[in-house]
Amino acid sequence: GFVGRNFVKYLVDNSLASKIRVVDKCMPAMCFFSEAHTATFANEVVEYKQANLTNDTGVAKAFDAADGKFNLVFNFAGETKFGMTDEVYANSTIGLTMKCAKAAVEHGVDRFVQLSTAQVYDSDKKPTKENGKLKPWTGLARASLEAETQLQSIAGLKFAILRPATIYGP
């Protein structure tokens, strides 16, 4: 997706990782990459795996690391469209997050970073602080907050939550 491809580009452009594995259900050739993103994903430190992270087989494929463990896992996957059913959000946001987080623990990942949304905060007109009132105001936000809550129940998981405001760009 948009966040993931730009994050990978940032890591590559700034030589911040010796190995990056990208997992997505969409092949890069079908993702309408710019020339810059195409070059990024062709970089030798980037490995791409196609997998659907809503199922166990896809998660196993994502975490297969015959040449060593992963230090960090950034989960930018999940349903991002508004107006989807609760069932879609439960599978594509909550379920996917839990499968990946549990696999991270099983594979000894040092830190799991979950991309959530600032829509979990009350939709007040004033700026919100990190410890602001939680009152998700969209179905996506309710699912994101539930995923955050469930992460706390996974024994041994060291994690961080990112709650960006509205994301937009070219």
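- For Lys19, the NZ atom counts as densely surrounded, since its 6.0 Å shell holds more than 12 non-hydrogen atoms of other residues, nucleotides or ligands.
- Between the Trp137 side chain and the Gln119 main chain, a donor and an acceptor come within less than 3.5 Å of each other.
- Note that CG of Leu53 and CG of Asp24 are 8.0 Å apart. Values are rounded to the nearest 0.5 Å.
- Cluster membership for Leu72 and Leu151, using ILVMFWY side-chain heavy atoms within less than 4.5 angstrom, is not shared.
- With Lys61 contributing its side chain and Gln50 its backbone, the two residues share a donor-acceptor pair below 3.5 Å.
- In terms of hydrophobic clustering, with Ile, Leu, Val, Met, Phe, Trp and Tyr side chains grouped at heavy-atom distances under 4.5 Å, Val12 and Val113 are assigned to a common cluster.
- In the model, Gln114 has a side-chain atom that pairs as donor or acceptor with a side-chain atom of Thr97 under 3.5 Å.
- Rounding to the nearest 0.5 angstrom, the gap separating the CG atom in Asp122 from the NZ atom in Lys133 is 5.0 Å.
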Report task. Would you please test Lys99 and Leu96 for side chain to side chain contact (heavy atoms under 4.5 Å, CB included) and show each step? Result -> CA-CA 5 Å; Lys99 287 176 189 296; Leu96 181 152; 5.9 Å; no
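- For Asn52 (side chain) and Thr54 (main-chain N/O), a donor-acceptor pair under 3.5 Å exists by modelled atom type.
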**Report entry** Full working for side-chain hydrogen bond (donor to acceptor under 3.5 Å, both in side chains) between His37 and Ser34
**Finding:** CA-CA 5 Å; His37 288 109; Ser34 66; 2.8 Å; yes
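- Residues Ser116 and Ser144 come closest through the heavy atom pair OG-CB, 3.4 Å.
- Going from atom CG of Leu157 over to atom CD of Gln150 covers 12.5 Å, rounded to the nearest 0.5 Å.
- The cluster map of Ile, Leu, Val, Met, Phe, Trp and Tyr, joined by side-chain heavy atoms under 4.5 Å apart, puts Val22 and Leu115 in the same cluster.
- Of all the heavy atoms in Asp64 and Lys49, the pair that sits closest is OD2-NZ, 3.9 Å.
- When each of Phe70, Phe112, Phe63 is paired with His107, the ring pair (Phe, Tyr, Trp, His ring centres under 6.0 Å) condition holds for Phe63 and for no other.
- In this structure, the separation between CE on Met98 and NZ on Lys102 is 4.5 Å, given to the nearest 0.5 Å.
- Here the straight-line distance linking atom CD1 of Ile20 with atom CZ of Phe7 works out to 8.0 Å at 0.5 Å rounding.
- Ion pairing of Asp110 with Lys158 is absent here, as no side-chain N (NZ or NE/NH1/NH2) approaches a carboxylate O to less than 4.0 Å.
- Note: the hydrophobic cluster containing Leu145 does not contain Ile154 (ILVMFWY, side chain heavy atoms under 4.5 Å, direct or indirect links).
- Contact record, Arg163 with Leu134: NH1-CD2, 3.8 Å, taken as the closest heavy-atom pair.
- With Asn91 contributing its side chain and Glu87 its backbone, the two residues share no donor-acceptor pair below 3.5 Å.
- No donor-acceptor distance shorter than 3.5 angstrom exists from the side chain of Arg21 to the backbone of Val73, with no hydrogens or angles considered.
- A donor-acceptor pair is defined here as one N or O able to donate and one able to accept, closer than 3.5 Å; no such pair exists between the side chain of Thr93 and the backbone of Ala90.
- Heavy atoms only, all atoms of each residue included: Val105 and Ala155 are closest at CG1-O, 3.7 Å.
- Interatomic distance, CG of Asn71 versus NZ of Lys69, reported as 5.5 Å (0.5 Å rounding).
- Residues Ile167 and Val3 meet the side-chain proximity criterion, which asks for heavy atoms closer than 4.5 Å.
- Hydrophobic clustering, with ILVMFWY side chains joined whenever heavy atoms are under 4.5 angstrom apart, groups Phe159 together with Val23.
- In this structure, Asn6 contributes its side chain and Phe2 its backbone to a donor-acceptor pair below 3.5 Å.
- Remark: side-chain polar atoms of Lys9 are not paired, donor with acceptor, to backbone N or O of Thr40 under 3.5 angstrom.
- The environment of Tyr48 atom OH is dense: over 12 non-hydrogen atoms of other residues, nucleotides or ligands sit within 6.0 angstrom.
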